[in-house]
Trainee: 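Here it is, the structure, as structure tokens.
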Amino acid sequence: MSPTREEQHWMYRNMVTSRRFEEAIAKIYFEGKSPAFNMANGPIPGEMHLSDGQEPVAVGVCAHLTPEDVVTATHRPHHQAIAKGVDLDKMAAEIFGKKTGLSGGRGGHMHLFDDDVNFACSGIIAQGMGPAVGAALSRKMQGKPGVAVAFVGEGAVNQGGWHEAMNLAAVWNLPFICVVEDNGWGISVAKKTASSIASHADRAAAYGIPGKRIEGNDPYAIFEAAGEAIARARAGEGPSLLECETYRLAGHFMGDAEAYRPKGEKDALFEKDPIPKMRERLLADGAASEAELDTIEEESAARVDAAIKFARESDDAAPEDALTRVFAA
Amino acid sequence: MTKSNERKLTIARAMAEATAQEMRIDPSVFVMGEDIGPLGGVYGNTRGLIEEFGAERIRDTPISETAFIGAAVGAAQDGMRPVVELMFVDFFGVCFDAIYNLMAKNIYFSGGNVKVPMVLMTSTGGGYSDGGQHSQCLYGTFAHLPGMKVVAPSNAYDAKGLMTAAMRDDSPVVYMYHKGLQGMGWLGTEAGATVHVPEEPYTLEIGKAKVVREGKDVSIVSCGMGVHNALKAAKTLEAQGVSAEVVDLVSLVPLDRDTIRASVAKTGRLIVVDEDYMSYGLSGEIIASVTEHDISVLKAAPKRVAFPDVPIPFARVMEQFCLPNPDKIVAAWDEMQAA
Ligand SMILES: Cc1ncc(C[n+]2csc(CCOP(=O)(O)OP(=O)(O)O)c2C)c(N)n1
Ligand SMILES: [Mg+2]
């Protein structure tokens, strides 16, 4: 199942929007943090985990999803949020800690919740798994349509909770897909140091479900594999596990010196940047014209500018609102 | 101490130095945790160790806290003295069974036949907008459960002595260091935490509080970052003619109730400062320790300055609104006078 022309344009648009968004956040993040870098300062304080380079996974999977489908994401959620259709204005405002943010500034960048498109995150590794499996269970019990996707990093696969959730999804035959974004690193710890096998897709055998590894950070290949897994889940045939090779072009968090990376690794990754690669392929395949791609790029940049402007111009959260919304109204 | 003899270290460096010195003399000490190898710990407390001791004794782990903390319990019972790191205390949720049902109880379950000599280091505290899963203190949560000693240094001198004492202890010690005191370049650090640290190894007695400032009108009791807030408030109060005594708990378990009671018996007033949640925690415990012993020493109802009972918000203005600070401590004194 290869993506239609329209789907290809959608994927490219979301990859570019995500990258422009991260670039904007990266720039603003350093405001107020120089000459001395202090994470606590500036319009965007706290840790910041950017998704540059990992866009193909988000778009290849989310191209098959509708707002009613459920996605849980991680501490590195922006690309997935954008591809899932999370309101970009409110998302930007949340990252700035503004009153108009998705949660009025209570959550921050690791805790983006958009109920309109069934998107949620957790900053605790692998803890998006249980809630996604639970959403899949709920859909099955209520006879409601929709599948649930948990995005996790390759480091999360070594959490106990990951295995428990996989088995639960399998033993109850739930419409659930775990998508592992393998960027090769869990902070400073390389995948080969942390995991006893090379491909986490092999772990699917332990749950008797299909598992597939997709190499090359290729949005087309991810689209195809995710399409099969999601169609299977929609047809009531149960869960799947996908591991997608991807590249982390940024540090683990902003301010990460990345001294743990082997020399030259980063440069090599930039040469394989998936966005210019997809642009080339679209042109080579005749799936888009230069003019069409230019328009997509301009519109994406304008969309991001508008969201950032909205965030900047919004009022700060009110301090005393910290005490509200602890319990459901 | 003359200036030229001063050897100012951050808490991060003091912890790493204590660990290295102990590893040189005790081959059973080893370190496990996430990013504690080449990275030297996200909060710098294992920096330089892998270069000296190698990957056999300085073990970067998978993100598998239940496994490696449980493994530390087993290794500790089998003759090793593991030091393990839970990167943020907030992550205790994925591995608490290994901590409170195994680490904390196996000595008791065995009737004292086994020892569990291990240290669980973990970072605490917020104030830099890291959101509700990366900013908690959870002092009360750990201190509530019997079977683990709990320490929380406020400066590098104490940090080194506590680290050495913890590694030599035959019982498990939870070592809670505050991110805002750690001395990391990328995170603001309270200047008062970086102090002179002697090079030679030494221990600090676990379970002993310190009066870090003498006073006669009010006792301000706290630990970690709260001690620095208390000292700043004490300065402001001094300018108003109020003499505040500051007690640094240093250890939360065992809790040095004698030192707290003696201080309050002298001053007659008590303010507890706690960055952990207000209810069911440290602040209530300190107050109860005084009132149940001798309520007659109190000239005013005790006060607490603690984090309100809400998850920690991300937005700076919201988080700062919730956190204890020197102004809130001074305000607590004012309210005490008004009452
Ligand atoms: C239970 C738990 N342990 C540790 C952490 C600290 N931590 C945050 S991100 C991270 C690495 C995650 O690696 P991976 O899952 O591969 O995701 P990536 O950062 O590469 O996207 C770690 C160890 C955490 N958030 N939760
Ligand atoms: Mg990773």
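To find a chain, count down the sequence lines: A is the first, B the second, and so on, and within it residues start at 1.
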Trainee: What option among A/Gly186, A/Gly160, A/Ala194 has the most heavy-atom pairs under 4.5 Å with chain B?
Mentor: A/Ala194
Trainee: Sort A/Ala318 into side chain, backbone, both or neither according to what part of it lies under 4.5 angstrom from a heavy atom of chain B.
Mentor: backbone
Trainee: Does some side-chain heavy atom of A/Val180 sit less than 4.5 Å from a side-chain heavy atom of A/Cys178?
Mentor: yes
Trainee: Looking at B/Ile63, B/Val317, B/Ile312, which makes the most heavy-atom pairs under 4.5 Å with chain A?
Mentor: B/Ile63
Trainee: Tell me which one of A/Ile28, A/Leu102, A/Ile44 satisfies side-chain contact (heavy atoms from CB on, under 4.5 Å) with A/Ile95.
Mentor: A/Ile44
Trainee: With rounding to the nearest 0.5 Å, note down the distance linking CG in A/Asp87 to CG in A/Leu112.
Mentor: 11.5 Å
Trainee: Taking every heavy-atom pair that is under 4.5 Å apart, which of A/Pro45, A/Gly108, A/Gly97 has the most such pairs with chain B?
Mentor: A/Pro45
Trainee: When only pairs under 4.5 Å are counted, which of A/Gly161, A/Gly255, A/Gly107 shares the most heavy-atom pairs with chain B?
Mentor: A/Gly107
Trainee: Can B/Val174 and B/Phe92 be said to form a side chain to side chain contact (heavy atoms under 4.5 Å, CB included), step by step?
Mentor: CA-CA 12 Å; B/Val174 181; B/Phe92 83 108; over 6 Å; no
Trainee: When you compare the side chain of B/Leu282 with that of B/Cys223, does any pair of heavy atoms fall below 4.5 Å?
Mentor: yes
Trainee: Need one label for A/Met110: side chain, backbone, both or neither, based on atoms under 4.5 Å from any heavy atom in chain B.
Mentor: side chain
Trainee: Is A/Val326 in contact with chain B via its backbone, its side chain, both, or neither, using a 4.5 Å heavy-atom distance?
Mentor: side chain
Trainee: For A/Ala317, is it the side chain, the backbone, both or neither that has a heavy atom under 4.5 Å from a heavy atom of chain B?
Mentor: both
Trainee: Closest heavy-atom contact between A/Phe119 and A/Ala73?
Mentor: CZ-CB, 3.6 Å
Trainee: Using the ring centroid of each side chain, check whether B/Phe96 and B/Phe142 are separated by less than 6.0 Å.
Mentor: yes
Trainee: Could you please show the donor-acceptor pairs under 3.5 angstrom between chain A and chain B, with distances rounded to 0.1 Å?
Mentor:
{"from": "A/Asn38", "atom 1": "OD1", "to": "B/Gly188", "atom 2": "N", "distance (Å)": "3.2"}
{"from": "A/Met39", "atom 1": "N", "to": "B/Trp186", "atom 2": "O", "distance (Å)": "2.8"}
{"from": "A/Ala40", "atom 1": "O", "to": "B/Arg316", "atom 2": "NH1", "distance (Å)": "2.4"}
{"from": "A/Gly42", "atom 1": "O", "to": "B/Arg316", "atom 2": "NH2", "distance (Å)": "2.7"}
{"from": "A/Gly46", "atom 1": "N", "to": "B/Tyr128", "atom 2": "O", "distance (Å)": "3.2"}
{"from": "A/Glu47", "atom 1": "N", "to": "B/Asp130", "atom 2": "OD1", "distance (Å)": "3.3"}
{"from": "A/Gly105", "atom 1": "O", "to": "B/Ala315", "atom 2": "N", "distance (Å)": "2.9"}
{"from": "A/Arg106", "atom 1": "O", "to": "B/Phe314", "atom 2": "N", "distance (Å)": "3.1"}
{"from": "A/Ser122", "atom 1": "OG", "to": "B/Gln133", "atom 2": "NE2", "distance (Å)": "3.4"}
{"from": "A/Gly123", "atom 1": "N", "to": "B/Gln133", "atom 2": "OE1", "distance (Å)": "2.6"}
{"from": "A/Ile124", "atom 1": "N", "to": "B/Gln133", "atom 2": "OE1", "distance (Å)": "3.3"}
{"from": "A/Asn158", "atom 1": "O", "to": "B/Ser64", "atom 2": "OG", "distance (Å)": "2.6"}
{"from": "A/Gln159", "atom 1": "NE2", "to": "B/Ile63", "atom 2": "O", "distance (Å)": "2.7"}
{"from": "A/Gln159", "atom 1": "NE2", "to": "B/Glu65", "atom 2": "OE1", "distance (Å)": "2.5"}
{"from": "A/Ser188", "atom 1": "N", "to": "B/Asp35", "atom 2": "OD1", "distance (Å)": "2.8"}
{"from": "A/Ser188", "atom 1": "OG", "to": "B/Asp35", "atom 2": "OD1", "distance (Å)": "2.6"}

Trainee: I'd like to know whether A/Ile25 forms a side chain to side chain contact (heavy atoms under 4.5 Å, CB included) with A/Ile308, so could you lay out the CA-CA distance, the side-chain angles of the two residues, the decisive distance to 0.1 Å, and finally the verdict.
Mentor: CA-CA 8 Å; A/Ile25 295 289; A/Ile308 298 292; 4.3 Å; yes
Trainee: Quick check for you: among A/Ala156, A/Ala40, A/Ala126, which has the greatest number of heavy-atom pairs under 4.5 Å with chain B?
Mentor: A/Ala40
